[in-house]
Amino acid sequence: MSLKNKIVFAILALSIFGSTLLTAAYLKKSRDIAKEMSSRELATQADLIIAYFEQRLNTVHGDLAALTHATNEALSVMNQSGQVAPSGTGELQGPLLDEVAKSFERISIERGHYTQVRLIGVENGGHEIVRLDVSPWGTIRVASQDLQDKSAESYYIDAVKRFRYRVHDHADETHGHDIYYSMLSLNRERGVVAEPKVATLRAMTPVYHTSGGLFGLLVINIDFEKFAASALEDIPHSNEILIATENHDYVYFEAESGKTRLEFHQHYSQPVPEVVHGALENTNSGLIELDDKFAVSARVAVNNSSDRFFASIVVANQSLMREKIRELGLFGAELGLMMVMITAAVSLVLARYLTDPLGRLSEAVTEAQQTGQNFVFDYGKKDEIGLLAGALTRLSRSLHENEELIRAILDSAGEGIVAVRDDGKIVDTNAAFDTTFGYDHGTLKGKNVRMLMPSTEGVSFEWYLARWLELGNTGRAQSGHTEYGRRKDGWLFPVETTITKLELREETLYIAVVRDITEVIAADKAKADFIATISHELRTPLTNMIGYVSFLSSPEFLPSSKALSAALEGDTEKEKARADFVAELSQMAQRAKLSGDHLRALINNILDFSKLDAGKMELDIEELEIEPMIHGVMDQFEGVFEEKGLSIDCVLKVDRVFADEMRVRQVLINLVGNAVKFTDKGGITLSALPKGDFVEFRVTDTGGGISKEAQAHLFDLFTQADSSATRRVGGTGLGLTIAKQLTELHGGTIGVESTPGKGSTFWFTIPLRPSAADTPPEPSA
């Protein structure tokens with residue numbers, strides 16, 4: 001039986017699961033019933049919570065009633081004694097005021113959610129008469145000079161409008177206990193929101209004179225978050241609960257931790273849940289369904305108004321309803337389970353018959369992968385699995401042979417090669433790499449490449465890869481960057497790396513070719529030291545020689561020449577011969593001096609090139625004025641300009657630049673000197689122009705120009721555009737190479753624009769502002 005027929009048979013067997021559709025239909029019917037049960041359960045909890053909340057409101061009513069009673073007694077006694085007139089200013093003084101304050105204090109201590117208790121006068125224009133602040137250390141009575149004017153507060157204005165024009169019978173205490181709740185707002189002191197911010201609910205009741213006039217308002221400031229939390233102290237709950245106001249302020253109670261979070265309408269920390277909008281906008285209590293949750297709410301009205309209320313909202317996940325469905329659909333699920341078990345038994349037999357050979361095939365593949373041996377699997381049958389096993393065997397043999405060939409090629413390479421993933425883990429190394437770093441073959445696999453570098457070099461390696469990617473290098477090798485490696489014994493040694501990015505189907509690899517350049521660096525240093533020593537030894541006698549040649553260029557001033565002139569005085573023929581000798585000697589001395597100056601320039605160029613090549617050239621960056629530097633360069637060639645009859649022009653549109661003046665001057669002298677050498681008529685223009693964040697210096701001549709072929713190699717070492725012209729005017733081939741390196745050391749570029757027969761323009765750029773060097777950190781010693 002072929003594998004295809006086995007799969008068809010398995011699909012036919014699994015079709016038995018169609019019987020589960022009956023169970024699904026039963027469960028769908030159960031949803032409506034579960035929805036009703038869940039709604040009733042949540043509604044009961046919401047009603048219980050709002051009942052507890054209403055009980056807390058009644059406690060506030062009782063506290064205000066007790067305070068009203070104490071205040072009325074004090075007013076009655078004080079009116080009888082004449083301390084407060086029925087239509088007076090309403091100021092309270094004397095020991096009875098202390099009794100009222102003590103009554104306030106007792107109530108504040110008993111309630112953990114009260115923050116202030118106050119008596120605000122109405123007849124005195126809204127000034128506080130008594131105020132106690134509640135703190136963690138007890139109640140604090142505010143001194144009379146710190147009492148505030150509350151006449152501008154919206155809650156005061158609304159309460160006075162509510163109570164001022166009511167007819168009050170002092171014998172009827174029910175009117176004296178009328179309660180008014182303000183809108184929820186942040187507590188303010190002297191017109192400014194107090195810190196820490198507390199969302200405050202204010203409960204107010206009027207205080208009347210015995211004559212019936214409105215004396216003032218008793219106000220209790222309530223921390224709404226604590227107040228709402230107190231309503232849940234004795235109620236066990238496992239659902240999310242919110243207690244909200246009609247203004248969409250709400251306190252959220254987390255189901256698992258029991259933590260609370262206040263969300264105030266002017267300072268929401270996160271969007272208001274949809275259940276809050278649904279519960280507050282739906283005047284009829286009922287089930288509110290969302291995608292993953294459902295909720296039920298209950299309300300209690302305040303201020304005898306349907307527009308002002310507090311609502312309890314109980315939120316449950318849809319999993320609760322699904323639990324009800326599960327319970328109601330248990331019989332259907334059991335029936336379906338029996339059918340599934342029968343089908344599962346049949347499927348198990350089929351699966352085992354189908355998958356056992358594939359499982360053994362997979363184990364054989366895994367074993368070959370772990371051991372590195374050729375894949376071998378003798379299935380013994382000639383169906384599709386047997387054909388697959390044969391194909392895998394041939395493929396494994398071919399891959400193994402290719403792997404051995406690649407390994408032999410890599411191990412025969414003289415340079416160290418390592419493959420690294422983008423997370424720094426080493427995939428593989430060749431023998432040369434292991435030998436270079438002192439490890440046995442295979443021990444570095446899976447290790448992080450940072451172990452092969454100093455502590456700071458690990459950062460440098462990541463920086464180098466990031467920088468390399470930032471440059472947009474997609475497949476080309478990045479070479480010439482020197483790092484430091486750490487051998488197994490901890491010894492640091494310099495290495496040069498060449499990195500190639502390899503994009504595979506599932507990951508990115510970096511293939512690094514690593515070369516130990518300890519001997520190369522030593523050879524470079526020896527070369528640099530040799531050049532510096534030889535150049536120094538040559539320059540010392542050369543300086544003396546040029547000095548003596550300077551004397552020979554004017555021999556008539558020498559004492560011996562003067563003595564000879566005096567001895568020959570009067571002998572016309574001999575005096576003429578002496579003069580011819582002096583002139584010929586002076587001419588030869590001038591030629592010797594020119595050769596000496598040329599040789600000294602060559603030595604200086606060799607020294608500069610040696611420093612640049614060894615990376616030892618350092619710049620002294622400072623802000624310099626461009627115009628004096630340009631004119632100083634031109635002054636050096638003034639005599640040559642006059643001798644050759646060349647014009648000179650300057651175009652300066654930039655005043656200053658940050659650079660090493662000596663090195664910029666050196667580049668300009670080289671370019672102007674070349675222009676003078678190769679220009680026989682016309683003139684030279686020197687420009688300094690702005691170009692973005694750079695200054696572009698341009699030296700334009702009217703000489704013979706340079707061919708395209710010569711331009712491509714003009715800045716290479718010991719290269720000259722026209723060897724015949726160079727022989728005629730002189731030149732070493734180092735000047736433009738040094739100019740290029742000095743420009744790049746500043747962070748700029750250099751180039752040439754030229755048309756044969758029409759002159760040339762050499763240009764280079766220098767940054768307007770200095771910038772931090774973008775280099776990797778130095779290795780630790």
Side-chain angles (χ1 to χ4, degrees), residues 35 38-60 112-113 181-187 197-203 222-303 305-321 323:
K35 180 178 177 181
S38 299
S39 177
R40 290 180 182 179
E41 182 179 334
L42 293 184
T44 300
Q45 192 171 11
D47 290 338
L48 180 62
I49 292 170
I50 206 65
Y52 271 80
F53 189 86
E54 188 173 11
Q55 184 181 21
R56 294 298 190 273
L57 292 176
N58 291 334
T59 302
V60 176
H113 39 261
Y181 289 96
S182 69
M183 300 286 286
L184 198 65
S185 64
L186 295 178
N187 188 37
K197 296 182 179 66
V198 177
T200 302
L201 176 68
R202 297 171 178 84
I222 304 169
D223 184 331
F224 184 71
E225 183 174 6
K226 294 181 179 179
F227 184 69
S230 69
L232 294 178
E233 289 177 350
D234 301 325
I235 302 176
H237 58 90
S238 59
N239 298 315
E240 298 177 30
I241 295 175
L242 300 96
I243 295 181
T245 71
E246 76 285 345
N247 205 28
H248 290 74
D249 306 311
Y250 65 92
V251 178
Y252 172 79
F253 298 88
E254 193 174 275
E256 296 180 358
S257 65
K259 295 181 180 179
T260 64
R261 184 182 78 248
L262 173 70
E263 293 289 344
F264 189 59
H265 67 274
Q266 294 179 346
H267 302 275
Y268 287 135
S269 64
Q270 53 187 269
V272 179
E274 293 183 31
V275 292
V276 174
H277 291 301
L280 299 183
E281 293 171 6
N282 183 15
T283 56
N284 298 321
S285 298
L287 189 66
I288 304 167
E289 287 194 79
L290 301 174
D291 292 339
D292 58 343
K293 297 181 179 181
F294 63 100
V296 172
S297 66
R299 298 185 180 187
V300 57
V302 295
N303 297 345
S305 171
S306 61
D307 294 334
R308 293 291 309 282
F309 60 86
F310 297 101
S312 64
I313 307 171
V314 181
V315 184
N317 291 324
Q318 291 285 5
S319 58
L320 178 62
M321 186 178 294
E323 179 65 19

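These figures come from a predicted structure and were not determined experimentally.
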I need the full list of side-chain hydrogen bond (donor to acceptor under 3.5 Å, both in side chains) pairs touching residues 45-54, with sequence neighbours left out, sorted by first then second residue. Q45-N239

Within a strict 4.5 Å, meaning less than it, do heavy atoms of the L280 and Y250 side chains meet? no

Please name the pair of heavy atoms, one in A46 and one in S297, separated by the smallest distance, quoted to 0.1 Å. CB-C, 4.2 Å

Side chains of Y252 and P273: closer than 4.5 Å at any heavy-atom pair? no

Rounded to the nearest 0.5 Å, what separates atom OG1 in T44 from atom CD1 in I49? 11.0 Å

Please report, to 0.1 Å, the donor-acceptor pairs under 3.5 Å made by any side chain of residues 242-249, with sequence neighbours excluded.
from : atom 1 : to   : atom 2 : distance (Å)
T245 : OG1    : N247 : N      : 3.2
T245 : OG1    : D249 : N      : 3.4
T245 : OG1    : D249 : OD2    : 3.4
E246 : OE1    : F309 : N      : 3.3
E246 : OE2    : R308 : NE     : 2.8
N247 : ND2    : H265 : ND1    : 3.3
N247 : ND2    : H265 : NE2    : 3.4
H248 : NE2    : H277 : ND1    : 3.4
D249 : OD1    : H265 : N      : 2.7
D249 : OD1    : H265 : ND1    : 2.6
D249 : OD2    : H265 : ND1    : 3.3

Output for pair (I222 CD1, T200 OG1), nearest 0.5 Å, gives 9.5 Å

Looking only at non-hydrogen atoms, find the nearest pair between A199 and L262 and report the distance. CB-CD2, 3.1 Å

Could you go through the side chain to side chain contact (heavy atoms under 4.5 Å, CB included) check for L42 and F294 one step at a time? CA-CA 9 Å; L42 293 184; F294 63 100; 3.3 Å; yes

Looking at every non-hydrogen atom in both residues, tell me the closest pair between R299 and I50 and how far apart they are. C-CG1, 3.8 Å

For the student: nearest non-hydrogen atoms of A43 and V296, plus distance: CA-CG1, 3.5 Å

Locate the shortest heavy-atom distance separating I313 from A295; write the atom from each residue and the value. CG2-CB, 4.1 Å

Check this for me: R261, atom CZ, are more than 12 non-hydrogen atoms of other residues, nucleotides or ligands nearer than 6.0 Å? yes

Are the side chain of S305 and the backbone N or O of A301 linked by a donor-acceptor pair below 3.5 Å? no

Would you name the heavy atoms of K226 and G112 that are closest together and state the gap between them? CD-O, 4.0 Å

Can you name the residues that form a ring-ring contact (aromatic ring centres under 6.0 Å, His included) with F53, not counting sequence neighbours? F227, F310

